[in-house]
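Note that this is a predicted model, so its numbers are computed, not measured. Lettering of chains follows the sequences in order, A, B, ..., and the numbering in each one begins at 1.
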Protein chains: 2
Amino acid sequence: MKILALDSSGLVASVAIMEDDTLTAEYTIQYKKTHSQTLLPMLDEIGKMIELDLNTIDAIAVAAGPGSFTGLRIGSATAKGLGLALKKPLIAVPTIEGLAYNMYGSSQLICPIMDARRGQVYTGVFEFLETREEHMFGTISYEFQTIISRCAVTMDEMILRLNELGRSVAFVGDGIPVFADKIKEDLKVPYLLAPAHRNRQSAASVAMLAQIYYRQGKIQTAQEHQPEYLRLSQAERERIEQQKQQC
Amino acid sequence: MKILALDSSGLVASVAIMEDDTLTAEYTIQYKKTHSQTLLPMLDEIGKMIELDLNTIDAIAVAAGPGSFTGLRIGSATAKGLGLALKKPLIAVPTIEGLAYNMYGSSQLICPIMDARRGQVYTGVFEFLETREEHMFGTISYEFQTIISRCAVTMDEMILRLNELGRSVAFVGDGIPVFADKIKEDLKVPYLLAPAHRNRQSAASVAMLAQIYYRQGKIQTAQEHQPEYLRLSQAERERIEQQKQQC
């Protein structure tokens with residue numbers, strides 16, 4: 001199974017090609033350029049480098065939100081365009097779950113935190129539960145479990161929930177620099193901040209999860225697909241406010 | 001601290017720029033092209049994408065071996081050339097340790113296995129020991145410990161050593177597909193095979209370790225640097241054989 005994966009849900013732009021157990025290519029940048037300047041040129045570049053025939057891919061995975069509204073639209077529009085042109089299915093990978101997959105095999109709870117502005121984070125809590133295929137000997141694998149589903153809440157509320165859970169936690173995502181002081185002050189459980197090679201979005205993690213979703217039949221047509229914002233956009237909020245005032 | 005990292009020790013070619021907690025760029029491919037066709041063009045590509053001024057980097061990290069002799073020579077030659085031209089120090093990151101860093105935070109022992117041909121693997125055993133800065137609350141960090149230093153041995157011998165250690169182990173590297181059957185048959189401890197987004201060389205892992213080495217003062221001049229092959233090359237072995245026969 002060959003998957004093209006895209007993530008432009010935050011500042012990071014990331015493109016990967018994964019074929020079964022092989023990460024054929026990954027190209028990721030974290031730089032102040034708009035994703036319309038980066039995402040397709042990056043795909044084009046790796047396409048040339050690995051002599052990729054886009055017709056050979058089985059599905060297009062995209063980090064489907066939450067995240068930057070503009071970033072999500074660029075990612076989803078790119079995936080939809082490619083899906084329509086190539087007649088390939090799409091796999092929508094929630095950004096929060098994708099970020100959690102950066103910490104594959106971690107023994108802590110995993111709490112992705114994406115800065116959602118206005119004091120909020122896009123977040124959730126997950127766990128890699130170790131399972132063994134045979135008793136004692138045999139291969140270890142992980143069951144990826146959701147403890148708290150993805151949501152938009154204040155960091156205060158998330159810290160409260162984590163303190164209630166009472167277990168060690170690993171944070172990942174661009175909320176870390178924003179909320180590091182608050183975490184240090186208010187969190188009452190041991191915690192890890194993801195290191196530099198794991199702390200932001202990666203299309204390889206999106207592709208990894210997409211393989212699992214694909215096997216589970218969680219695919220969409222390009223027409224069906226739309227990003228999951230988790231919150232109203234600023235324009236929508238302002239219109240609702242205006243309508244309230246007019247009543 | 002801004003680090004340029006290169007890894008061409010195996011089939012993978014990988015280039016990364018890491019600045020403190022930020023992975024500014026990573027470009028990795030696993031494709032049957034020689035590294036002389038990929039490594040510098042990839043650096044050139046990310047340089048343009050992130051408007052990189054090479055004079056702003058503090059050091060050049062390179063996966064310094066073991067690995068493919070030709071790959072190591074291309075990686076080291078590239079790093080030496082850049083180091084000489086830019087007057088920047090080099091950081092030699094052992095390939096085996098770099099691969100182990102893919103499994104950052106793993107609770108298993110980590111055993112990188114690189115196919116060294118002739119029945120051997122380049123390997124070693126490492127561990128991420130959890131430490132906490134303050135008791136109970138406070139941040140978790142990991143101490144990266146060497147259990148068995150990097151070496152070239154047969155896979156049989158490595159499995160024997162792992163069975164003696166008696167703990168769960170995570171394998172990473174291109175030795176996995178070559179020795180998966182042998183592992184399944186002979187290993188008597190639970191084991192994990194690294195997933196696709198973690199199972200091969202990554203310049204981001206090299207950069208992550210290079211940051212630590214840099215702080216410890218483990219740097220070299222471009223003149224000093226040379227790859228660490230761990231074994232004699234085929235040409236050297238054959239010359240020694242010939243000399244023996246001539247005596």
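- Between B:S205 and A:R198 the shortest side-chain heavy-atom distance falls below 4.5 Å.
- Only the side chain of A:M208 comes within contact range of chain B, with heavy atoms under 4.5 Å apart.
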For B:Q108 and A:S107, what are the C-alpha separation, side-chain angles and deciding distance, and is it a side-chain contact (heavy atoms from CB on, under 4.5 Å)?
CA-CA 10 Å; B:Q108 292 94 22; A:S107 56; over 6 Å; no
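- Taken from OG1 in B:T139 to CG in A:L193, the straight-line distance is 7.0 Å, to the nearest 0.5 Å.
- For the residue pair A:E51 / B:Y31, a side-chain donor-acceptor distance below 3.5 Å is found, with atom types taken as modelled.
- For the atom pair CD1 (A:I46) and OH (B:Y27), the distance works out to 6.5 Å, reported to the nearest 0.5 Å.
- For chain B, the nearby parts of A:N102 are the backbone and the side chain; heavy atoms of each come within less than 4.5 Å.
- Atom CG in A:D21 sits 6.0 Å away from atom CG in B:N199 (nearest 0.5 Å).
- Under the 3.5 Å distance criterion, the side-chain polar atoms of B:K33 are left unmatched by any main-chain donor or acceptor of A:I50.
- Under the 3.5 Å distance criterion, the side-chain polar atoms of A:Q30 are matched with a main-chain donor or acceptor of B:L23.
- With rounding to the nearest 0.5 Å, the separation of CD1 in A:I29 from CG in B:L52 is 12.0 Å.
- For CG of B:N55, the number of neighbouring non-hydrogen atoms (other residues, nucleotides, ligands) closer than 6.0 Å is greater than 12.
- More than 12 heavy atoms of other residues, nucleotides or ligands sit less than 6.0 Å from atom CG of A:D20.
- Between chain A and the options B:R200, B:M18, B:M49, B:E130, the largest number of non-hydrogen pairs under 4.5 Å is found for B:M49.
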Assess whether side-chain contact (heavy atoms from CB on, under 4.5 Å) is satisfied between A:Y191 and B:I140, documenting all intermediate values.
CA-CA 5 Å; A:Y191 67 95; B:I140 296 168; 5.6 Å; no
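- Proximity to chain B involves both the backbone and the side chain of A:Y101, based on heavy atoms less than 4.5 angstrom apart.
- Using the six-membered ring where Trp is involved, B:H197 and A:Y104 have ring planes that are perpendicular, over 60° apart on the 30 and 60° scheme.
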